[in-house]
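Computed from a prediction, not measured in an experiment: that's the story for all the values here. Counting convention: from 1, in listed order, for ligands and their atoms alike.
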Amino acid sequence: MSIENNLDKIMASKSKNITLVAVTKHRTVDEIQRVVDYGILDLGENRVQELLDKYDKVKGEVRWHLIGHLQTNKVKYIIDKVHLIHSVDSLKLAKEINLQGVKHKIVMKILIQVNVSGEESKFGININEIESFLDSIKDFEGLSVQGFMTMAPYTENIEETRYVFRNLHDFCDKIKSKQSLYTNVDINFLSMGMTNDYPIAIEEGSNLVRIGRGIFV
Ligand SMILES: *Cc1c(COP(=O)(O)O)cnc(C)c1O
């Protein structure tokens, strides 16, 4: 299978209002350029250094997404380069994004990474702590909370995955219904689904899927 064939299949399997973020970690600039030339302009990297290395080399109107755990001291390198940060998982990180956003006169779009299953090994904020998190950042003018992101636990059992996605979708709807209480919350995105589980994520309401291996392998 070629990159283009894989993209044909993925694009045919989803509706237009679902955005594909092509996850380009560990891929060469030539491989990434084929994805962009095909017409996929949303690219995801999970490391700051790798994103910076590729930033000037990939040609086109690319929107870069930072999807992996982000260290606070690296925010300054990407604040003016990324379209959306999917992986905000602590108050410390939100504070720094706000600081850098204000400094650069940017309202940085962010998603809060949620640890739905409560696995200790996972990054993300527990679902029952999100509302107090939103309260603690409600005065931050340098960022805008655009939604939520999660990674399902690795499991052979599809139904376990489905419940993670369904819970986050329900929670996302709940927050959306009260977003007028906040000046910096504007829910537009639910980032769920990778190569293994994106069809289920879409069934459960994802509108932003992050696919790597399914494109490049
Ligand atoms: C690598 C990665 C993906 C893509 O995973 P695939 O299994 O290659 O589709 C999605 N999201 C995050 C946060 C990743 O690090």
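Using the six-membered ring where Trp is involved, Trp64 and Tyr55 have ring planes that are tilted, between 30° and 60° apart.
Distance from atom 11 (N) of ligand 1 to its nearest protein heavy atom, with residue and atom name: Arg210 NE, 2.9 Å. Closest protein heavy atom to atom 6 (P) of ligand 1: Thr195 OG1, 3.4 Å.
Environment of NZ in Lys95: sparse, with no more than 12 heavy atoms of neighbouring residues, nucleotides or ligands closer than 6.0 Å.
In this structure, of Val23, Ile67, Val209, the residue bringing a heavy atom nearest to atom 13 (C) of ligand 1 is Ile67. Closest heavy-atom approach to atom 14 (C) of ligand 1 among the candidates Met149, Arg213, Lys25: Lys25. Considering His26, Met192, Met194 only, the shortest heavy-atom separation from atom 5 (O) of ligand 1 involves Met194.
Within the 4.5 Å cutoff, the side chain of Arg210 has no heavy atoms near those of the His65 side chain. In this structure, the side chains of Thr19 and Asn207 stay at 4.5 Å or more apart for every pair of heavy atoms.
Under a 4.0 Å N-O distance rule, the pair Glu31/Arg34 does not qualify as a salt bridge.
In the vicinity of Gly212, heavy-atom distances shorter than 4.0 Å reach the ligand 1 atoms 4 (C), 6 (P), 8 (O), 9 (O). Of all atoms in ligand 1, listed by their number and element, those nearer than 4.0 Å to a heavy atom of Ile211 are 9 (O).
Looking only at distances, a side-chain donor or acceptor of Asn184 sits under 3.5 Å from a matching main-chain atom of Phe140.
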